[in-house]
Number of protein chains: 2
Amino acid sequence: MQSGFTRQQASALTGLSCRQLDYWRKTGLVIPQQQTAGGHSRYGFIDLVVLRAARRLLDADISLQRIRKCLQSLARFLPASKHPLAELSLVVTGDVVLVFHGERAFDALTGQEWVFPIAELAAEVEKLQQPPPQQGELFTAEKHPGVRA
Amino acid sequence: MQSGFTRQQASALTGLSCRQLDYWRKTGLVIPQQQTAGGHSRYGFIDLVVLRAARRLLDADISLQRIRKCLQSLARFLPASKHPLAELSLVVTGDVVLVFHGERAFDALTGQEWVFPIAELAAEVEKLQQPPPQQGELFTAEKHPGVRA
DNA sequence: AAACGACAAAAAAGGGATTTCTTGTCATTT
DNA sequence: AAATGACAAGAAATCCCTTTTTTGTCGTTT
């Protein structure tokens, strides 16, 4: 019984070239969890998940350099447990990769979180309409929107 | 009884300068929903929500030009109804603004959607571990279409 | 007040050249 | 096979300079 995937197997299973796996290992992007006595690579389950994630990011035209940073933060989540995976999602857009963990969204690169609900803004504004019942002609406001372009 | 906020009120309520409101109006970023007979601006409820959203984006170091594009897509959601607001969220990161509507995430700029769950990847990999109980040698064929350009 | 116009400083976007990073391919070694 | 090393093409990032946007401040006008 084997304890991991060889470079070639990992390549076949992820669609990445051996050259890439080598380079990625050498540069620390994805280092196989195990090694044979002779010093040969043996990729583990998590490795494959990460490799496939990287593959998809590449397909989405995310540069390797950006992926490097992304995987770092992704690595912070993966080790956790098995459940989190189900709650984990990646959102990839033109320029950014976000890691979603439940309700929260983190920039996979900076790790910063920046989410805010529109409803919150609406609530704030709404609150401003009622309170100031002052100079009988200033505030009184209207309710309805007629949105602009 | 009036129907809207004056420039100065809007300024006070959003923290934006009158100069900005003027410029934004002139350049079409946020055009007051109404006008007085004399041609003076009267900002409406939605205007304030949009202005405050813009304000927060500015605070997050999103450039005005980017905000211009963001608000365009935001405008596509706001007009909808009243409920959506509660489900709407903005995620702002270094480079991108995403509009979240329920489960979906849209790039506020391009409108493209690109989300994928990690669990999915894990499931795929997991499926690959069980089936191949073959000749103790190695995998024969590759599953993947192969290489990208 | 609010709108306008003008001038200037600050911020952001663009463009082009240069440098660094990735990946393929091939040969050699373990 | 897998790991290494080397050469080269292509992709991406970085830097620097120029152009465009934004915003503040002043004066005038409505």
Side-chain angles (χ1 to χ4, degrees), chain A residues 2 4-12 14-32 34-43 47 51 54-55 57-71 94-97 109 135 137-138, chain B residues 2 4-12 14-32 34-43 47 51 54-55 57-71 94-97 109 135-140 142 146-149:
Chain A
Q2 61 161 37
F5 300 90
T6 65
R7 182 181 66 168
Q8 209 167 48
Q9 292 176 323
S11 169
T14 61
L16 295 164
S17 70
C18 289
R19 181 70 177 78
Q20 287 175 301
L21 295 183
D22 283 347
Y23 182 63
W24 294 10
R25 173 170 51 72
K26 195 176 88 178
T27 55
L29 180 58
V30 177
I31 299 176
Q34 303 167 42
Q35 285 194 335
T36 63
H40 281 194
S41 298
R42 283 298 178 276
Y43 291 87
D47 289 329
L51 287 176
R55 173 77 152 80
L57 293 179
L58 271 184
D59 288 343
D61 290 317
I62 303 297
S63 78
L64 234 222
Q65 286 178 53
R66 188 150 7 212
I67 293 178
R68 283 181 190 288
K69 297 177 189 167
C70 292
L71 293 194
D95 271 342
V96 168
V97 178
L109 300 184
Q135 316 94 36
E137 58 151 332
L138 280 180
Chain B
Q2 64 154 45
F5 300 91
T6 66
R7 182 182 66 167
Q8 211 167 45
Q9 292 176 321
S11 169
T14 61
L16 295 164
S17 70
C18 290
R19 180 71 177 76
Q20 287 175 300
L21 295 183
D22 284 348
Y23 182 64
W24 293 9
R25 173 169 51 70
K26 194 176 89 180
T27 55
L29 181 58
V30 177
I31 299 175
Q34 304 167 40
Q35 285 195 337
T36 62
H40 280 194
S41 297
R42 281 300 177 276
Y43 291 87
D47 288 329
L51 287 176
R55 174 78 152 79
L57 293 179
L58 271 184
D59 288 343
D61 290 318
I62 303 296
S63 77
L64 234 221
Q65 285 178 50
R66 189 150 8 211
I67 294 178
R68 285 181 187 288
K69 297 178 189 167
C70 293
L71 293 194
D95 273 341
V96 168
V97 177
L109 300 183
Q135 19 355 111
E137 207 185 336
L138 42 82
F139 288 59
T140 8
E142 39 166 339
V147 215
R148 112 198 74 294

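In what follows, every chain begins at residue 1, and chains take the letters A, B, ... in the order their sequences are listed.
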Verify, without hydrogens or angle tests, whether B/Arg42 (side chain) and B/Gln34 (backbone) share a donor-acceptor contact under 3.5 angstrom. no

Taking the side chain of [X] as its heavy atoms from C-beta onward, which of [options] lies nearest to it?
{"X": "A/Gln65", "options": "C/dA3, C/dA12, D/dA13", "value": "D/dA13"}
{"X": "A/Ser17", "options": "C/dT22, C/dA2, C/dG24", "value": "C/dG24"}
{"X": "B/Arg7", "options": "C/dA2, D/dT23, C/dT22", "value": "C/dA2"}
{"X": "B/Ser63", "options": "D/dT23, D/dA13, C/dA12", "value": "C/dA12"}
{"X": "B/Ser41", "options": "C/dA3, D/dA13, D/dA3", "value": "C/dA3"}

Let's test your reading of the model: under 3.5 Å, does the base of D/dT25 pair with the side chain of B/Arg19 as donor and acceptor? yes

Pick base, sugar-phosphate or nothing for A/Asp22, based on heavy-atom distances below 4.0 Å to the nucleic acid. base

B/Asp22/B/Lys26 ion pair, N-O < 4.0 Å: no

Is there a side-chain polar atom (N or O) of A/Arg68 under 4.0 Å from OP1 or OP2 of C/dC21? no

Nearest whole angstrom, please: distance from the C1' of D/dA11 to the CD1 of A/Ile62. 14 Å

A/Lys26 or A/Arg42, whichever maps to the more 5' nucleotide of DNA chain D: A/Arg42

